[in-house]
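Presented below is the structure to which this report refers.
These numbers come from a predicted model, not from an experiment. Lettering of chains follows the sequences in order, A, B, ..., and the numbering in each one begins at 1. Both backbone and side-chain heavy atoms feed into the values below; hydrogens, waters and symmetry mates do not.
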Amino acid sequence: MEIQIISFGKISEFIAHQKIEISDIRNTDELKAYLETSFPLLSNMKYKLSLNKDIVQENTAISNQDTVGIMPPFSGG
Amino acid sequence: MEIQIISFGKISEFIAHQKIEISDIRNTDELKAYLETSFPLLSNMKYKLSLNKDIVQENTAISNQDTVGIMPPFSGG
Amino acid sequence: MERKVKNIFIDGRIEPAFIAESISKHSVKTTIGGHSIFMGQVRKDEIEGKLVAAIEYTAYQELALEKMHQIREDIFQKYPLHCMHVYHSLGTIKAGEICLFVFTSSTRRKPAIDACAEIVERLKAELPIWGKEIFEDDTHQWKENS
Amino acid sequence: MERKVKNIFIDGRIEPAFIAESISKHSVKTTIGGHSIFMGQVRKDEIEGKLVAAIEYTAYQELALEKMHQIREDIFQKYPLHCMHVYHSLGTIKAGEICLFVFTSSTRRKPAIDACAEIVERLKAELPIWGKEIFEDDTHQWKENS
């Protein structure tokens with residue numbers, strides 16, 4: 001299946017928005033492991049994922065055409 | 001001796017600013033008793049005295065030409 | 001120790017434009033990260049069937065400014081503030097108009113927020129200011145802070 | 001239950017005149033007795049010998065507005081507020097300029113003050129917004145809320 005990756009803040013400097021084709025990834029935990037292998041800088045950082053319009057709090061199933069956001073710690077205000 | 005009485009808020013409606021001549025009043029406790037006798041409405045109210053530029057917290061000696069303020073509860077803000 | 005007692009009293013209502021101007025003046029103070037403001041607005045309260053049209057404020061000004069000076073010194077001792085401004089109206093302030101403006105600024109947000117709240121509490125409890133609620137039929141009653 | 005998600009984002013700095021206008025609009029709401037405002041201002045921090053000239057704010061807007069909507073509903077549940085307004089800048093905000101404006105109003109002072117402080121805390125912790133500190137020499141670092 002295909003998912004859309006979007007990235008923010010510091011992370012947007014080394015992960016561009018992109019569509020990725022994933023075959024054996026079914027949930028956000030598996031996606032995290034995949035991302036940290038593909039983008040080693042990510043494994044040393046604090047970050048959260050969003051899935052469509054929700055922040056991921058626990059491991060969640062991913063479906064075709066989902067949008068996953070990769071978000072470093074917030075610094076608004 | 002002579003002291004100046006000034007009044008505020010609700011109390012200014014029944015005690016006008018005035019100079020009073022007092023002979024046997026030496027301190028603020030005695031003045032309170034005198035004021036409550038002279039202005040009976042005062043004895044049913046909460047109020048504080050000021051002596052010159054301080055709010056009276058405890059019984060304080062009064063001197064000739066002092067200014068005593070009679071103040072109902074504050075309602076600023 | 002400086003002994004300059006600042007005036008806090010303004011004749012009549014406090015204008016939003018005055019507040020904006022006060023905010024603007026802080027843009028040159030670039031160590032400030034957070035500003036906290038409290039404003040008191042006159043309410044059209046209904047009391048025994050009558051509506052409050054305005055509050056007429058009077059004060060024992062000398063004493064109030066002296067007391068406010070102490071509060072200011074206490075607050076600057078207690079909180080790392082860059083700025084603190086307090087304005088209170090005197091005279092007749094109509095319902096919907098602003099009668100109190102407290103403005104604090106600090107590097108990080110918490111001191112400004114905490115100091116602003118504490119100033120409002122102390123000001124209401126300690127400053128000799130009185131509000132006369134004037135009803136629409138021109139009768140009145142004296143306000144009391146709870 | 002209303003599902004209108006309000007926009008909180010403003011391009012560029014928040015002008016004091018905008019704040020004044022926002023205050024003015026509340027004069028017709030005569031059950032309001034207290035207003036609380038928090039403003040965030042960009043600091044010219046010195047970091048390893050370099051001065052911050054500006055912060056460039058970006059956000060995951062869709063998610064941020066959704067989250068802010070939840071915060072708004074929680075706050076209205078918890079506090080008896082008449083009004084709540086939140087504005088956050090996007091884009092480049094220079095040191096000394098205002099990038100955040102939170103404004104709450106209630107009949108008595110305490111709900112407005114407490115709600116305003118809580119909104120600021122939650123907004124900083126929960127909204128996907130990022131600040132890039134741009135130094136005077138055009139290098140940058142990403143801010144992190146503590």
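Interface remark: of the candidates C/T107, C/D114, C/I113, C/V42, C/T107 forms the most heavy-atom pairs closer than 4.5 Å to chain D. Ranking C/G33, C/G40, C/A112, C/A95 against chain D, the residue ahead of the rest is C/G33, based on heavy-atom pairs under 4.5 Å. With respect to chain C, the highest number of heavy-atom pairs below 4.5 Å among D/K29, D/E15, D/H26 belongs to D/H26. In terms of heavy-atom pairs under 4.5 angstrom with chain D, the leader among C/E97, C/M39, C/E46 is C/M39.
Proximity to chain C is absent for every atom of D/S22, based on heavy atoms less than 4.5 angstrom apart. In this structure, no portion of D/V28 lies under 4.5 Å from any heavy atom of chain C. With a 4.5 angstrom heavy-atom cutoff, D/K94 does not touch chain C via any of its atoms. With a threshold of 4.5 angstrom between heavy atoms, D/F103 approaches chain C through side-chain atoms but not through N, CA, C or O. At a 4.5 Å heavy-atom cutoff, the contact between D/I32 and chain C is made by backbone and side-chain atoms alike. For C/I98, the part sitting under 4.5 Å from any heavy atom of chain D is the side chain, from C-beta outward, and nothing else. D/T31 touches chain C through its backbone: at least one of N, CA, C or O sits under 4.5 Å from a heavy atom, while the side chain does not.
Put simply, the side chain of C/Q41 never gets that close to the backbone of D/S105: no donor and acceptor are under 3.5 Å apart.
Among all heavy-atom pairs drawn from D/A17 and C/A20, the shortest one is N-CB, 4.4 Å.
Considering D/I14, D/I19, D/I37 in turn, D/I19 is the only one that fulfils the side chain to side chain contact (heavy atoms under 4.5 Å, CB included) rule with C/I23.
The number of heavy-atom neighbours closer than 6.0 Å to NZ of D/K110, taken from other residues, nucleotides and ligands shown, is 12 or below.
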Derivation and outcome, side chain to side chain contact (heavy atoms under 4.5 Å, CB included), residues D/R108 and C/R43: CA-CA 10 Å; D/R108 296 182 179 278; C/R43 286 197 310 267; 3.6 Å; yes

